[in-house]
Amino acid sequence: MMHNIHIMSKLIFLGSFIATLYVIPKIQGVVIFKRLMDNPNERSSHNSATPSLGGIAFFIILMVTFYFANPFDEYNEIMSFIPGLTILFVAGLKDDLVVLGPISKLLTQTLAAVFVVFHYKFSIETLHGFMGIEGLPTWLGAIIAVFIIIACINAFNLIDGIDGLAATVGIIIFSGFAIIFFIIDKQVLFLTCLSLTASLIGFLRFNLSKEKKIFMGDTGSMILGFMIGAMSVRFLALDHLTLQQLPFNTENIPYVILALLFVPLFDTSRVFIIRILHKKSPFRADRNHVHHLLMDNFKLSHRRTSFYIGIASIITASTLLNMATDSNQYFLFSMVMVINFSFLAFFHFLEKRRGNTKGHHKSGKHKRTKTP
């Protein structure tokens, strides 16, 4: 079986990559022919109508991957993914084409999460000593799991604001989970993460293109966020014996997940807090995201911004993962706080700097109009 998994992993990775390169142009052709383009507005990062249904490819390729990965599905986990993915696929399509209300979107995300959590292998029964917490009531573990999945869906959806960013962050996250699930021999999860990584690499070919550009849209970002959330929950739900195969202290497992998901979770929590402090809806769109501040302050292109955020994500994840191997949870908590507040201070400075620059420009314009 181990020999078979090596062969299958190569086939799924290569097949998912090639399939993405084949399917995306077909989607582009239909979208352009039917004029289902994403038209720019005042917040858009693009200047012309652009196809935005690239996420359809992720759904199609995942379904095909499940077919080939099914022989490795020891606990029938694939069946827990399919209903949620289908629900989010339909909801994402409607949101990309018509616009879905925030309440309707939240309800569909909750329903999708419930289908996953209903599977016994996604039941979080303990936090393995994290913050002194051992056993959890079944109902509390289910609530935590649903919350994690919904948080990941929305966090990933919110970072999809510029070319290449969501795909780059997704590649880092799914690669991390693929390595973890390979080490502990969770074969179907490993193959699924491998397929998503390959699909995102193929998608970058078009997302970063000037002539053949396409966005993943809410269809893609919700599907990817859902799978990230599901993988996070599955990792938390592993038993103590399985987790001992990993080089991390079991009490640090939540920090391992935080290390992989740091960028989307940091950005989402930051903008939500800012909006609430300004007495605005946390779901109201603005230009306070990390990528907006970097682009506006340093005049960076989409590619450079995505690259720098990707590098920061890798460095942060590597640092926290390395500390999770031999540090106790309280030291690790202190380091997470130091990293978090350092980033908060940096981006607060960028936000103030951008505001001062805008004020200076406005003042300068005003003076010039008065000058004869």
Verdict with reasoning, Met323 to Tyr255, per side chain to side chain contact (heavy atoms under 4.5 Å, CB included): CA-CA 10 Å; Met323 288 191 292; Tyr255 289 118; over 6 Å; no
Determine whether Arg275 and Phe272 make a side-chain contact, defined as any pair of heavy atoms from C-beta on separated by less than 4.5 Å. yes
Answer yes or no: is there a side-chain heavy-atom contact under 4.5 Å between Ile87 and Phe115? yes
Run the side chain to side chain contact (heavy atoms under 4.5 Å, CB included) check on Thr305 and Asp163 step by step: do they pass? CA-CA 9 Å; Thr305 305; Asp163 299 340; over 6 Å; no
Would you confirm whether Ser195, through its side chain, and Leu191, through its main-chain N or O, come within 3.5 Å as a donor-acceptor pair? no
So the side-chain hydrogen bond (donor to acceptor under 3.5 Å, both in side chains) pairs with at least one residue in residues 121-133 (sequence neighbours excluded) are none
Please check: side-chain N/O of Ser318 versus main-chain N/O of Ile315, any donor-acceptor pairing under 3.5 Å? no
Could you tell me which non-hydrogen atom of Ala166 sits nearest to which non-hydrogen atom of Ile159, and how far apart they are? CA-CD1, 4.2 Å
Asp96 side-chain N/O to Gly217 backbone N/O, donor-acceptor pair under 3.5 Å: no
Glu251 meets the salt bridge (charged side-chain N to carboxylate O under 4.0 Å, His left out) criterion, sequence neighbours left out, with none
By side-chain hydrogen bond (donor to acceptor under 3.5 Å, both in side chains), Arg303 pairs with (sequence neighbours left out) none
I want to check something: taking the side chain as every heavy atom from C-beta on, are Asp267 and Ile309 in contact at a cut-off of under 4.5 Å? no
Would Asn157 and Asp218 count as having a side-chain donor-acceptor pair, cut-off 3.5 Å? yes
Are Arg270 and Asn340 linked by a side-chain donor-acceptor pair shorter than 3.5 Å? no
Hey, what's the ring geometry for His289 with His291, parallel, tilted or perpendicular (30° and 60° as the breaks)? parallel
